[in-house]
Structures are given as C-alpha cells and as structure tokens.
Amino acid sequence: MLRVRFAPSPTGYLHIGSARTYIFNWFYARRHGGTVILRIDDTDLERNTPESLDSIFDGLRWLDLAWDELHRQSERLPLYRQMAEALLAKGAAYRDFTPAYDGAKERPYGDSAWLFDPMMRALPREESARRAAAGEPFVIRFRVPRDARESVQFRDAVFGESSKATADIEDFALLRSNGMPTYHLASCADDIDLRATHVIRGQDHLTNTFKHVLLFEAAGVPAPQFAHLPLLVAPDGAKLSKRRHGPVVSVTTYRDGGFLPHAFVNFLCLLGWSPKDDRERMSREELTEAFSFEGINRSNAVVNFTEQDPFDPKAVWLNAEHIRALPVEELAARLEPYLAAAGYGVERARLLAVTPLIRERIQTLRDAASAADFFFREELAPYDSAELVPQKGDAKLATAVLERALSLLARTDFNRQALEDALRAEAAAMGVKTGQMFQPIRVAVCGRKAAPPLFETLEVLGRETCLKRIGQAIRRLRS
RNA sequence: GGCGCUAUCGUCUAACGGUUAGGACGGAGCCCUCUCAAGGCUCAAAUACGGGUUCGAUUCCCGUUAGCGCUACCA
C-alpha cells in the first residue's frame, strides 16, 4: 500500500510552494491508489501558532484535495524520545553537553568546521551517563559513521543518484535539551511509524536526505523512496518566503482574488511538471492520470508576480480558461459569494441569466462584481455623460438616438432577437451606423462603454430598468 | 567558506545525439464584430560561456560563470 505524507509546520500561512508539494503528493497517491497523510510538524514550540495552523487547514481545504489521515507530532512525542533513546543505547547517538547557542548566528568552532564540539562525541559512556544523571542539560546528536563508511547514497526519483561523503555530514541533533525532537528525528520516526512509502518534498530537503538515510539505516528499516521537487522561486530567484514576499505567496490570496481552486491546482501543477504534451488546462482526472515523477523538472520555477499584481499572468489566464469551461449553474454558484462580498444581493434567476453574459469577460470570480455591477444595482455607478456620445457624433445625435430608443423599447418584445431586429431597423431608418445607435444605449443602461452584447443585456435587464436608465441618460444630456 | 543541486524565448515548458529548436502565457499586428471580451491568423523572442567526445551536440563528459539549497537545540 502506497502512502505519502505532507508535513507542514504551523509557523505561518500556507504558501503556494507548500501547496504545490501537497498537490504533487496528492496526485501521486491518487494515481496509484495510495493514502495521503497530513502530518503537522509542530515540534518547534517557539514558532508554532494556532492561527497559522488554522490558515494551513483553510488553505488545504480550499484546494479541495482531501487527505486521508491526520497526525500531529506534538501528540506523538514519546515515539521520538523512544527512538532517540534507542539510538543512544546502540551507540548510534551520543549526548552533547555543550551549552545552547544560536547556530544561525554564531560559529563557535570556526567557519569551515562543524557546529558542534568534536570532543563530546568521544565522551566516555560512563561520564556521559553520570553527567546526565546529575541533571546537566544535553542534546542528543547522531553519531555519523565516518569511519565505517565513506559515503551515503540514495536514488531520488527526480534528481537521480545522489551521493555525499560522510566526512561532509555533521553530527546533527536529534533531541533538544528541552526534550523535543528536531525535524530530522521526528520526521524519520514518523515516516517509519506511519509507514510512509514515498517522501515527496521540496528540494530544500535534498541534502538533508543523506542524514535521513543514515537515520533509517541506524533504525534498521529500509528508507522510503524519495522524490524532491524543484522549488518555487520569486522573480528575483529567491526561494518563496513569507517574510520576504508577504501575502502574495499565500494560498488564501489566490482564494480571495477569485481563483477557482482547481484552476489554482492546475497552475501549480504546471510549475515544475509537464504532461509532456501540449495540454495546459487539465481536469483533476486528467492530472491524476498524467502525473508521474518523470514529468518533473530539476530546475526551480519562477512564479511571476510583482508588487502591483500578485498573480502570475499564466495563472490568471488558466483561471479564465477554467471559468469558461464551467457549466453555467456551477459558475453561477461560484460567483455568488464574490458578488455578495462586493455588496450585491443576488437573486438566483438573475444570476443564472447574467452568468453567460460575463463568462467570457472575467478572468477571476472576483471580476464579476465589476463586470456585472449594473445588473445588480438599482442606480448606475456614476459615469461621465460624455461617454454617451458615440464616435463621430455629438450630444445632439446621442439624444436623438436615445429618444428613438426610448419609444421603440417601450413597445418592442423584450427578447434579444426582437430587440436586435428593431434596433437595427431603427438605425437604418435614422441613417446612422449601428455603432452610433448602440453605443449611447449601451452606456445609458450599463454606465460604461465596455459591456456584454447589447441585446442580451437589455433582455436580462428588462424593459422597466432599460427605459428608466435611458430616460435618465436623456436628461443628463440635456442638462 | 564547505558540501550539494541546477542552467532552452521575459515567464512556464517540449524536443530516445540528427527538428526551419515546438507549444503556452505575456507583448505587437491583422481578421471577426454593436463596445469589451472570446475566437482565428501572423510577427518578435531562447539552447549561459569555453573546451572536449562524435560524421553530427539543446541533448553525453570536463571546466568556468551564475543562481538556488543545505551547512541551527527552524522545518
């Protein structure tokens, strides 16, 4: 039974790189009928926050790719201690009594040397046990077997064979002096205990994998299969980070920006992975069927956002593609919350009539509010009366056109075909171009020049509203 | 600094050693057209650099450069 795991740490919102890792895990598992494990890596007491955990769940739920199992490392602490003790007993690990320091800032043992005191590795067992018993704080470190073997190697499903000299692997910490496990220990202990068969994660863990391979070996279990994903990077090439790039890298930004969850998933899939044919818009089923490690690239992918626009143009395009492909009923249902958020109370019948008219004119669900406002508000948003005047025409012409339209629309059937026939005939009778006829009407009823096709719009708006707005426009032109 | 990984249009990518280096987004233009879109067509745009191997390198090898990652009692 194939089992994959996704292991976010609740130290910020879910960012799109993490989301992509989850997505790749999900598709790989579904492709092979496996299980998706969500594991919360919350062993860093200092940095975990409940808000962050909420936002991670929010983000993952929005993706609509369900996990099968949920575990929290903070609830599994005995497991890690047990493994650390076992390694200690075996001699595969040792106690380090060096006082704590911030390794990110200090390099107490020199620039090219290890960040640990080599003398501690050689501490006699009895002395180690005695000092521990005396209550002296210590960290448990893994004893990298530099004498027993030259190098560690493993095969990565994406990057291929990798090898690293044991001489270049430091004695990493397993258990902190406060009794909490480090990432390396907790991750491996869980991968063993939860029987993970595949570890699919970001390439930032590629070099950590040598340590993990060593840990699996010391524990006497076969290592899972590894697949490291190229990173998502910012336009400046740096790894996406919450700190440097802010909310533009948060999954919730896409949700609030009006992305369809699946369009977002589709976009992320195409970053660093390719189906090898020319498909871009793909359904969940197609992605599941097509996903494989062979299609994964080895170089980082840039998410093309800017400070002004947080969304990659390709993501926006793909979202528009998915919007256009959606059945009207479903799109209408997706649109509703965004219209409501913009303050429009929407009636279902009206929304179903409007949706096809704006479907090809919006790129995000959020765009609907501005693209269709005149369908939902009683009073038009303020507009410049000069807009009513058509190209190569004057206010007099506009007024004349609107007056003719007013009387015509009062007696024409309000269906698109009848409206089109009547208005075209009227334009011909008046000797004006269709554009000169239609544009003033469009602006009068929509309050702007760019809008859905006129006759459908009139039909959906209804006679009463149209006559009222045209009347208002005529008064504006006269004043 | 040490170690590891990577390198095709601006961006995402395709190309069992032999292609006019393909597609997509974005950009420019044209067509369609009641506006805006959508759609169709066209154009500009790339193999980082230097050495090998080979009849032939985007592709294989080495080096250089650049970028990224790891190098924490973060994950």
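Proteins come first, then strands; the chains are lettered A, B, ... in the order of their sequence lines, and each starts at number 1.
Side-chain proximity of A:A450 to B:A75, B:A38, B:U35: nearest is B:U35. With B:G23, B:C34, B:C73 as the choices, the nucleotide that has an atom nearest any side-chain atom of A:P453 turns out to be B:C34.
Residue-level contact check: A:L454 touches the bases, meaning some heavy atom is under 4.0 Å from a base atom.
Base-pair partner of B:A66: B:U6 (Watson-Crick or G-U wobble, both distances under 3.5 Å).
Distance noted for atom C1' between B:U8 and B:C70: 27 Å (whole Å). Separating the C1' atom of B:U11 from that of B:A44 is a span of 16 Å, rounded to the nearest Å. B:G51 and B:U13 have their C1' atoms separated by 29 Å, with the value rounded to a whole Å. Distance noted for atom P between B:U47 and B:C9: 7 Å (whole Å). Separation of the C1' atoms belonging to B:C49 and B:U71 is 29 Å when rounded to the nearest angstrom. Between the C1' atoms of B:U54 and B:U42, the separation comes to 39 Å (whole Å). To the nearest whole angstrom, the two P atoms, one in B:C16 and one in B:C60, are 10 Å apart.
Taking a 6.0 Å sphere around CD of A:Q225, one finds it holds 12 or fewer heavy atoms contributed by other residues, nucleotides or ligands. By the neighbour-count criterion of 12 heavy atoms within 6.0 Å, atom CD of A:E136 is densely surrounded, having more than that number from other residues, nucleotides or ligands.
The side-chain hydrogen bond (donor to acceptor under 3.5 Å, both in side chains) pairs that include a residue from residues 417-432 of chain A are A:R404-A:E426, A:Q417-A:D421, A:E420-A:R424, where partners are two or more places apart or lie in different chains. Within the structure, every pair that satisfies the side-chain hydrogen bond (donor to acceptor under 3.5 Å, both in side chains) test and touches residues 152-161 of chain A, not counting sequence neighbours, is listed here: A:S151-A:Q153, A:D156-A:H228. Residue pairs that meet the ring-ring contact (aromatic ring centres under 6.0 Å, His included) test with at least one member in residues 418-453 of chain A, sequence neighbours left out, are A:F438-A:F455. Residue pairs meeting the side-chain hydrogen bond (donor to acceptor under 3.5 Å, both in side chains) criterion with at least one member in residues 427-441 of chain A, sequence neighbours excluded, are A:Q439-A:R442.
Taking 4.0 angstrom as the limit, A:R141 places a side-chain polar atom (N or O) nearer than this to OP1 or OP2 of B:C73. Taking 4.0 angstrom as the limit, A:R298 places a side-chain polar atom (N or O) nearer than this to OP1 or OP2 of B:U6. Here A:T43 reaches the OP1 or OP2 of B:A75: one of its side-chain N or O atoms lies under 4.0 Å away.
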Please tabulate, one pair per line, all N/O donor-acceptor pairs under 3.5 Å involving side-chain atoms of residues 293-304 of chain A, not counting sequence neighbours.
{"from": "A:E294", "atom 1": "OE1", "to": "A:S292", "atom 2": "OG", "distance (Å)": "3.3"}
{"from": "A:R298", "atom 1": "NH1", "to": "A:V158", "atom 2": "O", "distance (Å)": "3.1"}
{"from": "A:N300", "atom 1": "OD1", "to": "A:L231", "atom 2": "N", "distance (Å)": "2.9"}

Practice task
Sugar-phosphate means primed atoms, P, OP1 and OP2; the rest is base. With that split, encode nucleotides 14-20 of chain B 5' to 3' as B, S or - using protein heavy atoms under 4.0 Å.
Solution key: SS-----

Completion exercise
In 5'-to-3' order, the base (B), backbone-only (S) or no-contact (-) status of each nucleotide in nucleotides 61-68 of chain B, using a 4.0 angstrom heavy-atom cut-off, is -------S

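By the salt bridge (Lys or Arg N to Asp or Glu O under 4.0 Å) test, A:K164 is found to be paired with no residue, residues two or more places apart in sequence or in another chain being considered. For A:R334, the side-chain contact (heavy atoms from CB on, under 4.5 Å) partners are A:L260, A:P261, A:L326, A:E330, A:L365, not counting sequence neighbours. Evaluation of the salt bridge (Lys or Arg N to Asp or Glu O under 4.0 Å) rule for A:D191 yields A:R5, A:R39 as partners, not counting sequence neighbours.
A:D42 has no carboxylate O lying under 4.0 Å from a charged side-chain N of A:R72, or vice versa, which leaves the two without a salt bridge.
Scanning atom types as modelled, one donor and one acceptor separated by under 3.5 angstrom connect the side chain of A:K314 and the base of B:C12.
For the contact set between residues 423-437 of chain A and RNA chain B, defined by any heavy atom under 4.0 Å, the members are A:R424, A:T434. Within residues 6-16 of chain A, the residues that place at least one heavy atom under 4.0 Å from RNA chain B are, in residue-number order, A:S9.
In this structure, A:L388 CG and A:K449 NZ are separated by 9.5 Å, a value rounded to the nearest 0.5 Å.
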